[in-house]
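Accompanying notes for the structure given below.
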Amino acid sequence: MVELLAPAGNIESLEAAIGEGADAVYLGLKSFNARMRTTNFAWNQFEATVETLHRMNKKVYVTVNTVTEERETERLYRFLSYLNEIGPDGLIVQDYAIMRMAQEFFPNLELHASTQMNVESSNAVRLLQNNGIKRMVLARELGLEEIQKIKNETGAELEVFVHGALCVSESGLCLFSSFLGGKSANRGMCTQACRRYYTAEVPGGIKQGYYFSPCDLQLLEQIPSLIEAGVDSFKIEGRMKSAEYVGTVVSAYRYVIDHYQEDKKGAIATGKRILAGDFARSKTTYWYGFKSLEEGVNNAASKILNPDQAGGTGIYLGKIAATKPADKELVEAIRETLPEDASPEQKKIQMATLKGGNYDPDPGDSIRIHKKDDTGRISHKIRTVEIDEESGKRWIDIPGGYSNGDEVYLLQIKAGTKRYNRVLPADLGKYRKQPKDEKLPILDLTPVKDKELDYFPEGIYVQVSSIADVFAIQGLKPVRIIIEYNHETAYDLLNHKTVLPFSKKQSYISLDPFCSSAQEDQLKEELSKLAEDGYVNFVANNIAHIQMLKGKKVHVIAGPYLYTFNRWAVSWLENQDIGAFIMPYENSRRNLEATYEADVRSRVLVPVFAYPALFRMRFKLPEDYDFTYFEDKEAKTFKVNSTADGSFVMPEEPFSIVDKVNFITQSGFKRLLIDFSKTKVNRSQIKAVTTSMIKSQPLPEISRFNWKDGFYNPQQIEDYKAANERAAQAKAAGKNPRSGNRPSGGKPYSNNRKNKGFSGRKGGR
């Protein structure tokens with residue numbers, strides 16, 4: 001029997017999911033999950049949930065689907081040990097480190113490959129099956145035929161998203177939020193840059209729109225076909241959605257699953273009527289219904305993108321026009337109804353009036369508020385409405401922390417609300433288990449043997465996206481050239497169209513990080529031909545590539561999209577016979593050095609210059625997207641490149657630490673990557689990069705990405721604020737604040753990463 005899997009962002013959503021007939025729920029705890037901005041479960045709540053749902057013959061899956069820095073691996077180990085003791089039915093994982101730790105210490109933990117792991121082919125599934133992964137959560141960019149192919153060829157247990165929000169970027173490959181401020185999607189901190197309002201430069205002027213805000217997925221009509229295709233679990237997205245939303249969607253899909261065999265048309269019609277209460281964005285079937293890969297690449301954008309669609313979920317109610325304090329009695333009454341782990345904002349109730357919408361919310365309606373600077377959002381159920389007799393203004397209660405200009409959306413009307421039976425016991429006192437203070441066993445990476453890395457010499461490596469640019473970058477005198485494998489370069493290399501200025505042994509071929517079921521057979525055949533032709537060095541950016549290249553007499557380097565943010569992830573890749581690694585673009589100097597001890601730094605290629613792809617989309621953009629450059633509301637400029645291989649959004653400001661080359665090499669990292677991918681190389685660019693490197697002077701108008709400050713760390717920010725408050729109190733009391741009040745872990749995160757004067761506007765569509 002197929003499983004219906006529902007999100008449980010909090011206790012209320014858990015009750016709604018179970019009350020409407022979900023077979024299983026997935027939830028996150030307070031760390032290591034890809035929805036860090038939702039409430040998540042406390043330790044005692046989680047323990048009680050597992051025990052209670054198991055008695056009900058329901059399943060609980062835990063999201064541990066983020067990448068982990070080296071300094072966090074001991075905490076990750078303790079967390080896994082705790083989960084091993086509690087016994088959920090599966091862990092949804094992204095980081096290879098968890099697979100490595102589970103293999104070594106927790107073999108009883110059932111692991112599911114998260115959609116963030118970017119699994120979309122039979123080859124990727126086979127590799128994971130061989131490494132003990134029980135279930136594959138497939139990438140959302142796949143169509144029915146591709147899913148069917150994977151099932152037929154592997155027999156693997158497959159989980160597929162059928163409803164909810166989509167990422168415009170290919171699964172697990174979005175770097176936009178991280179580039180803007182260290183809030184990485186791979187760390188559960190995504191600020192949803194895809195939902196923002198952008199201004200584009202078009203012929204004759206400018207045009208504005210939500211150019212990259214995707215519609216929501218709805219595959220209700222595809223349920224019968226997906227069941228016949230052998231899908232094992234249907235997943236509903238929505239850990240940040242309201243309980244009412246969860247209940248509505250679960251109810252609709254439950255009905256279709258249970259009744260489609262007796263009356264397919266009627267069951268789907270009933271399901272659609274139930275979903276009329278889903279006040280989310282407009283719906284799409286995305287990659288379903290295309291007859292070929294080419295048709296999908298050319299037409300999927302029109303099914304997923306709507307520039308006129310606001311980024312928020314639900315019916316637009318307007319913006320907050322004014323706020324005022326709420327009555328103490330109301331505040332106390334609302335606080336009594338909140339869960340114990342409610343956020344401080346939820347407890348600081350205030351009143352607000354709205355303007356700009358076409359619907360007046362009433363008590364019992366559920367709303368979501370979005371901060372105007374995209375730094376936060378929160379769901380809230382309205383308890384009261386006050387109407388000013390003189391002005392006629394309607395005042396509603398909202399959480400604290402929100403102010404004028406913040407947008408408000410309707411998620412659910414009171415008429416659609418429903419009370420569900422309590423799932424957890426009222427008294428959670430007996431549930432006391434928490435992660436213990438355990439020590440992570442020491443792991444040393446494999447020492448470098450003599451001549452092991454002959455194919456990976458010290459020096460400058462340069463990556464390009466076209467054959468013409470292979471010739472253009474000769475002035476940099478690279479020890480190795482990396483050629484991005486795309487439609488253009490593949491044709492040239494396979495058909496021997498050009499005699500390159502570098503030998504085949506001096507050349508690396510870098511494979512695209514998205515490797516779909518529809519592409520894998522042709523790619524595998526082409527890789528065999530290239531290997532027979534004498535190409536011996538390949539950069540794998542998808543786990544499918546590792547499987548495809550097994551058994552061939554070639555060297556496989558782990559690319560930046562095989563995320564190696566800790567030595568346990570590196571060790572897992574070593575066990576796949578990979579001995580060299582390209583640092584992920586998101587990484588920091590501190591974490592890089594912590595991951596690789598001095599004696600293994602010769603295994604690492606460090607990117608020092610790149611225009612990293614912030615969005616990677618599996619489709620060409622619509623013809624009316626007649627622009628290359630666009631800006632956000634802070635006047636940051638980006639460029640988009642639409643090709644037969646998909647579309648790519650890149651920053652106009654490159655990531656650059658070329659002025660730090662001497663420091664980096666002195667630290668033992670003597671292999672450096674200058675990456676010109678997705679941009680046209682010219683002499684002035686090469687000269688600027690070379691001068692910066694020689695003189696150790698920073699290029700103007702660049703980003704340091706996360707190299708200096710690392711990932712955004714909310715706990716570090718709170719510690720720093722607390723230290724400042726203590727210092728201010730001590731000063732007010734006439735005492736000298738001690739310098740020791742500053743928390744460990746470095747200075748607080750700063751968004752100020754920009755140096756003026758260098759124009760990166762060299763690429764184009």
Side-chain angles (χ1 to χ4, degrees), residues 5 7-10 14 24-43 45-47 49-50 53 59-119 128 131-138 157 159 161 171-172 184-190 233 235 237 239-240 433-436 438 440 543 562-569 571-572 711 713-715:
L5 176 58
N10 52 41
L14 170 68
V25 298
Y26 64 101
L27 53 84
L29 280 83
K30 297 297 183 181
S31 56
F32 302 118
N33 84 86
R35 286 292 183 269
M36 291 301 294
R37 295 194 302 166
T38 193
T39 304
N40 292 312
F41 279 62
W43 305 117
Q45 292 173 333
F46 170 64
E47 186 182 351
T49 298
V50 173
L53 264 60
K59 292 186 176 182
V60 181
Y61 305 124
V62 182
T63 56
V64 197
N65 53 344
T66 63
V67 295
T68 307
E69 289 188 291
E70 179 62 30
R71 61 179 173 170
E72 299 169 321
T73 52
E74 185 162 80
R75 187 161 62 92
L76 176 63
Y77 172 76
R78 295 170 181 174
F79 186 50
L80 295 178
S81 180
Y82 162 78
L83 293 174
N84 190 54
E85 185 178 3
I86 299 298
D89 299 279
L91 274 58
I92 304 170
V93 306
Q94 176 185 17
D95 200 324
Y96 309 134
I98 298 177
M99 290 196 285
R100 181 69 178 83
M101 287 185 186
Q103 290 169 341
E104 185 85 12
F105 308 113
F106 311 111
N108 293 328
L109 283 176
E110 181 173 304
L111 303 184
H112 299 178
S114 169
T115 187
Q116 289 293 110
M117 200 178 278
N118 191 20
V119 179
L128 293 175
N131 280 271
I133 298 293
K134 178 69 182 300
R135 178 185 289 188
M136 316 297 161
V137 187
L138 296 180
E157 190 173 315
E159 181 176 305
F161 279 94
S171 296
S184 173
N186 287 311
R187 300 269 295 171
M189 297 294 293
C190 179
S233 180
K235 188 171 196 171
E237 183 276 337
R239 281 196 289 138
M240 294 179 69
K433 292 180 181 178
Q434 293 189 22
K436 299 181 178 67
E438 299 174 90
L440 173 64
I543 50 179
L562 293 180
Y563 298 127
T564 47
F565 289 100
N566 59 73
R567 67 184 64 190
W568 289 87
S571 179
W572 185 82
F711 290 120
N713 187 329
Q715 185 59 53

Find the distance between [atom1] ([X]) and [atom2] ([Y]) and round it off to the nearest 0.5 Å.
{"X": "Leu138", "Y": "Ser114", "atom1": "CG", "atom2": "OG", "value": "11.0 Å"}
{"X": "Ser81", "Y": "Leu109", "atom1": "OG", "atom2": "CG", "value": "9.0 Å"}
{"X": "Leu91", "Y": "Arg135", "atom1": "CG", "atom2": "CZ", "value": "12.5 Å"}
{"X": "Phe161", "Y": "Lys235", "atom1": "CZ", "atom2": "NZ", "value": "4.0 Å"}
{"X": "Arg239", "Y": "Asn10", "atom1": "CZ", "atom2": "CG", "value": "11.0 Å"}
{"X": "Gln103", "Y": "Trp568", "atom1": "CD", "atom2": "CH2", "value": "10.5 Å"}

With the side chain counted from C-beta on, respond yes when [X] and [Y] share a heavy-atom pair under 4.5 Å apart, and no when they do not.
{"X": "Tyr563", "Y": "Asp95", "answer": "no"}
{"X": "Phe41", "Y": "Leu14", "answer": "yes"}
{"X": "Asp89", "Y": "Glu110", "answer": "no"}
{"X": "Pro435", "Y": "Trp43", "answer": "yes"}
{"X": "Arg567", "Y": "Glu70", "answer": "yes"}
{"X": "Lys59", "Y": "Leu53", "answer": "no"}
{"X": "Val62", "Y": "Tyr26", "answer": "no"}
{"X": "Glu157", "Y": "Lys134", "answer": "yes"}

Stepwise side-chain hydrogen bond (donor to acceptor under 3.5 Å, both in side chains) test for Trp572 and Asn131: CA-CA 10 Å; Trp572 185 82; Asn131 280 271; 3.2 Å; yes
Worked check of side chain to side chain contact (heavy atoms under 4.5 Å, CB included) between Met117 and Val137: CA-CA 9 Å; Met117 200 178 278; Val137 187; over 6 Å; no
Chi angles and distances behind the side chain to side chain contact (heavy atoms under 4.5 Å, CB included) call for Tyr96, Phe565: CA-CA 10 Å; Tyr96 309 134; Phe565 289 100; over 6 Å; no
Side chain to side chain contact (heavy atoms under 4.5 Å, CB included) between Leu29 and Phe79, worked out: CA-CA 10 Å; Leu29 280 83; Phe79 186 50; 4.1 Å; yes
Is there a donor-acceptor pair closer than 3.5 Å between any side-chain N or O of [X] and the backbone N or O of [Y]?
{"X": "Thr63", "Y": "Leu27", "result": "yes"}
{"X": "Glu104", "Y": "Met101", "result": "no"}
{"X": "Glu159", "Y": "Met136", "result": "no"}

Shortest non-hydrogen contact between Asn186 and Gln116, atoms and distance: OD1-NE2, 3.3 Å
Heavy-atom closest pair, residues Ala102 and Leu111: CB-CD1, 3.8 Å
NZ or CZ of Lys433 within 45° of Tyr82 ring axis and under 6.0 Å: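 Judged by the rule (NZ or CZ under 6.0 Å from the ring centre, within 45° of its axis), Lys433 is not positioned above Tyr82.
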Any side-chain donor near an acceptor of the partner, Glu69 and Asn566, under 3.5 Å: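 Distance-only check fails for Glu69 and Asn566.
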salt_bridge(Glu72, Arg187) N-O dist < 4.0 Å: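 Yes.
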Residues Glu438 and Lys436 bridged, charged N to O under 4.0 Å: no
Steps toward side chain to side chain contact (heavy atoms under 4.5 Å, CB included) verdict (Phe46, Val60): CA-CA 9 Å; Phe46 170 64; Val60 181; 4.3 Å; yes
Aromatic ring pairing Tyr77/Phe105, orientation class (parallel under 30°, perpendicular over 60°, tilted between): perpendicular
Name of the residue among Thr68, Ile92, Leu80 meeting side chain to side chain contact (heavy atoms under 4.5 Å, CB included) with Ile98: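 When Thr68, Ile92, Leu80 are each tested with Ile98, the side chain to side chain contact (heavy atoms under 4.5 Å, CB included) holds only for Leu80.
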